[in-house]
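Structure, as structure tokens:
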2 protein chains.
Amino acid sequence: MENTRDLFQMITRRFGLLNKNCCSADGLDISLIQSHILYEINRQLAPSVQEVAEALGTDITTFSRQVQSLIKMNLVNKTPSLNDRRIHTLELTAEGTNIAEIIDEQINTYLEEIFAHMTDFEKETVLRSIQLLNNTMGKIGSCCAPAPR
Amino acid sequence: MENTRDLFQMITRRFGLLNKNCCSADGLDISLIQSHILYEINRQLAPSVQEVAEALGTDITTFSRQVQSLIKMNLVNKTPSLNDRRIHTLELTAEGTNIAEIIDEQINTYLEEIFAHMTDFEKETVLRSIQLLNNTMGKIGSCCAPAPR
DNA sequence: AATAATGCTTGCATTTTGCAAATAAAAGGA
DNA sequence: TCCTTTTATTTGCAAAATGCAAGCATTATT
């Protein structure tokens, strides 16, 4: 049987490959990061630039520019907050919402295809396992960080 | 309970974050791709440039340059094959093997930390689930590929 | 031989990245 | 209140990564 490290290396790579191909929707090519940004803005309620950048683990300057490109593509709106005008809140435009939904469907279709190869019991087991893994990884800090300089 | 897409979005992101921090070893900073290259060269037996690039899903020209930098770092050797001198085989240097081992230990430590939070039964279940997921994803093509041009 | 196909590398031009510095707005202290 | 700090975000820049087209070297096909 394969050892644990190999198992994780492989699944990590699979998710990576899955990601590289992400996503074409409605004539627009959406990069991986962009799709994550759309997802995250959709999930949170009018999040600030910082909140999304943090959630995605992206450097904020890079993120700022990614948002700019999404604004240019007319998928995202950015408005200064009324309470504190330093903070800019992000939300999806109608088109952005549309794209997010299309991507959502694509991924759901893919997931259904995966689980079509499993019994209901296996599917339940896999889902609970991923959930458990998610929670546990959330509790622990991240792996293998380079020494701070 | 969370829906499947959310679950996968989260685990994908966790693996991504895990990856970004990869890796510092023996005073060298190893990037994510580089660590995957080292892993893959170590796993295969004297693979060719193409074989590794393919396994990692990287464009071969980008890969070629990544290998060059690993050669400069003295972690990898590249030799023309005797049978067919177009083919160049890759292997780790002593130093490269060393680095690969250090990274391996780092990741194993992290994995042990994760599983220390679980019962033996949970651990077994999670491992078998990932294995099942790996195999199933392997059978299916990748998700959401953009239309070819 | 001459032509085609294969494996790999280089030339570019584009994109992405992230640190340092800049800007703008709010908070805190005298 | 004015001045200094802190916070949120954006730009300058320089380095790195990317990928297509073209190149070079070697082998296969005819």
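None of the values given here were measured: they were computed from a predicted structure. Letters go in sequence order (proteins before strands), and every chain restarts at 1.
Side-chain contact of B:Gln66 with B:Thr58: a donor-acceptor pair under 3.5 Å is absent, judged by distance alone. For the residue pair A:Gln9 / B:His36, a side-chain donor-acceptor distance below 3.5 Å is found, with atom types taken as modelled. Using a 3.5 Å distance cut-off with no hydrogens or angles, the side chains of B:Glu40 and B:Gln44 do pair a donor with an acceptor.
Atom CD1 of B:Ile33 and atom P of D:dA17 are 6 Å apart (whole Å). Distance CD1 (B:Ile60) to P (D:dA17): 18 Å, rounded to an integer number of Å. If you measure from atom CD of A:Gln50 to atom C1' of C:dA26, you get 14 Å, rounded to the nearest angstrom. What separates CZ of A:Arg85 from P of D:dT10 is a distance of 15 Å, to the nearest Å. Distance NZ (A:Lys72) to C1' (C:dT15): 12 Å, rounded to an integer number of Å.
At C:dT17, one or more side-chain N or O atoms of A:Gln66 fall inside 4.0 Å of OP1 or OP2 (strictly under the cut-off). One finds no side-chain N or O of B:Lys78 lying less than 4.0 angstrom from the OP1 or OP2 phosphate oxygen of C:dC8. Between B:Thr61 and D:dG19, a side-chain N or O to OP1/OP2 separation shorter than 4.0 Å is absent. At C:dT17, none of the side-chain N or O atoms of A:Thr62 fall inside 4.0 Å of OP1 or OP2 (strictly under the cut-off). One finds no side-chain N or O of A:Gln68 lying less than 4.0 angstrom from the OP1 or OP2 phosphate oxygen of D:dT9. Applying the 4.0 Å criterion to OP1 and OP2 of D:dA25, one finds that B:Arg86 has every side-chain N and O outside that range.
Of the candidate nucleotides D:dA17, D:dG19, C:dA25, D:dG19 has the atom nearest to the side chain of B:Asp59. You'll find that the side chain of A:Arg65 is closest to D:dG12, out of C:dA25, D:dG12, D:dT10.
With DNA chain C read from its 5' end, the first of the two nearest nucleotides for B:Ile87 and A:Ser31 is the one closest to B:Ile87.
Atom CD of B:Glu95 sits in a crowded spot, with more than 12 heavy atoms from other residues, nucleotides or ligands closer than 6.0 Å.
Here the closest heavy-atom approach between residue A:Ala25 and residue A:Ile103 is recorded as CB-CG1, 4.4 Å.
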